[in-house]
Amino acid sequence: MKDLDWGNLTFGYRKTDYNVRCYYRDGKWGEIEVCSDEYINMHMAATCLHYGQEAFEGMKAYRCPDGKVRVFRVKDNAARLQSTCDGIVMPQVPTEMFEEMVKKVVRLNQDYIPTYESGATLYIRPLLIGISPQVGVHPSKDYLFLIFVTPVGPYFKGGFACNKYAIVRDYDRAAPLGTGRYKVGGNYAASLRAHMFAAGKGYGSEFYLDAKEKKYVDECGAANFFGIKNNTYVTPKSTSILPSITNKSLMQIAEDLGLKVERRPVPEEELPTFEEAGACGTAAVISPISELDDLATGKKYSFGDKPGPWSTKLYETLRGIQYGTVEDKHGWTTVVIE
Ligand SMILES: Cc1ncc(COP(=O)(O)O)c(C=O)c1O
């Protein structure tokens with residue numbers, strides 16, 4: 001293992017030894033290549049640069065207390081990437097190829113997988129880009145799919161600690177029939193101004209209402225929202241929300257723990273009725289929300305300064321499954337290194 005200060009890693013890019021790549025040319029995927037170059041040599045007119053034909057994924061590898069290394073719900077990430085491919089007209093990456101490349105890149109960089117005790121993980125970033133030169137607005141013919149990894153610490157400095165979010169009404173991250181449900185770079189470009197605005201006012205992140213009516217809860221920065229009340233886990237349903245794999249897992253765990261689960265439109269007026277609220281995603285796992293401030297109306301919704309009991313239970317169960325210390329009843333984890 002590398003001699004890194006595992007306990008003090010931030011959520012950022014750090015060079016590792018290898019990435020894996022595969023090209024799509026003449027209508028088919030080629031051989032998987034191992035590469036030690038961090039750079040991509042591509043045409044200046046590539047469609048990814050001009051027309052946003054770019055999709056990515058995000059997942060983690062966990063060094064577990066039993067000595068094994070596991071990845072979480074890799075097939076679900078493959079399926080979400082396939083849905084994104086359909087969304088912006090790119091060829092689908094087959095699930096077997098996706099899984100094989102994830103395993104390969106984690107094994108090749110195993111010296112960079114943080115220790116269990118540090119709480120840090122190896123972040124896995126699959127990326128698919130259109131590389132054919134094109135000046136008219138058309139899909140590319142050729143594509144590059146690559147995966148790199150990088151060791152990361154917690155997304156929020158405090159780890160499992162509460163954050164304040166700002167409800168922003170002057171910015172939309174995605175349109176109802178746009179690309180919000182796909183993991184494409186354009187959505188993140190569209191979120192940057194709102195994010196900088198909220199961060200500049202001291203908030204952990206921005207919080208979006210639906211773009212059309214500004215009545216319903218949409219996304220919580222780059223994470224899904226959930227609220228808990230009356231033994232029920234409630235999460236918004238919307239065409240502009242990215243289907244979070246963490247949220248999908250939490251819905252199942254909530255049900256396993258005896259909570260009711262509701263996925264439906266969540267009006268802003270419902271916010272004061274939640275006993276607990278949180279943001280969820282691969283990066284943050286669960287980030288409990290202490291307060292949501294609607295900057296335009298001055299309304300504030302408070303959920304307490306400490307993580308609530310259900311959020312804590314959900315967090316511990318999910319982390320336990322990811323680290324192999326809680327039974328993986330649903331077959332979500334894949335052992336990559338025995
Ligand atoms: C916009 C957005 N929503 C939600 C999520 C959470 O998704 P997941 O749990 O699959 O990481 C992410 C992170 O990937 C995201 O970028």
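Both counts, for ligands and for their atoms, begin at 1 and track the order of listing.
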*Verify the neighbour count for atom CG of Asp305: are there more than 12 heavy atoms of other residues, nucleotides or ligands below 6.0 Å?*
no
*asked:* Please give the remaining members of the hydrophobic cluster of Tyr23, linking ILVMFWY side chains under 4.5 Å, ordered by chain and number.
replied: Tyr13, Ile40, Met42, Leu49, Phe56, Leu127, Ile129, Ile131, Leu144, Leu146, Phe148, Tyr188, Leu242
_Least distance between heavy atoms, Gln322 atom then Thr333 atom_ = CA-CG2, 4.3 Å
*Which residue pairs pass the side chain to side chain donor-acceptor pair (under 3.5 Å) test when at least one of the two sits in residues 27-37, sequence neighbours left out?*
none
*Determine, for Asp218 against Lys212, whether the closest basic-nitrogen to carboxylate-oxygen distance falls under 4.0 angstrom.*
no
*In order of chain and number, which residues sit within 4.0 Å of ligand 1 by heavy atom?*
Arg80, Arg173, Lys183, Tyr188, Glu219, Ala222, Ala223, Asn224, Leu242, Ser244, Ile245, Thr246, Cys280, Gly281, Thr282
*By salt bridge (charged side-chain N to carboxylate O under 4.0 Å, His left out), which residues pair with Arg73, not counting sequence neighbours?*
Asp76
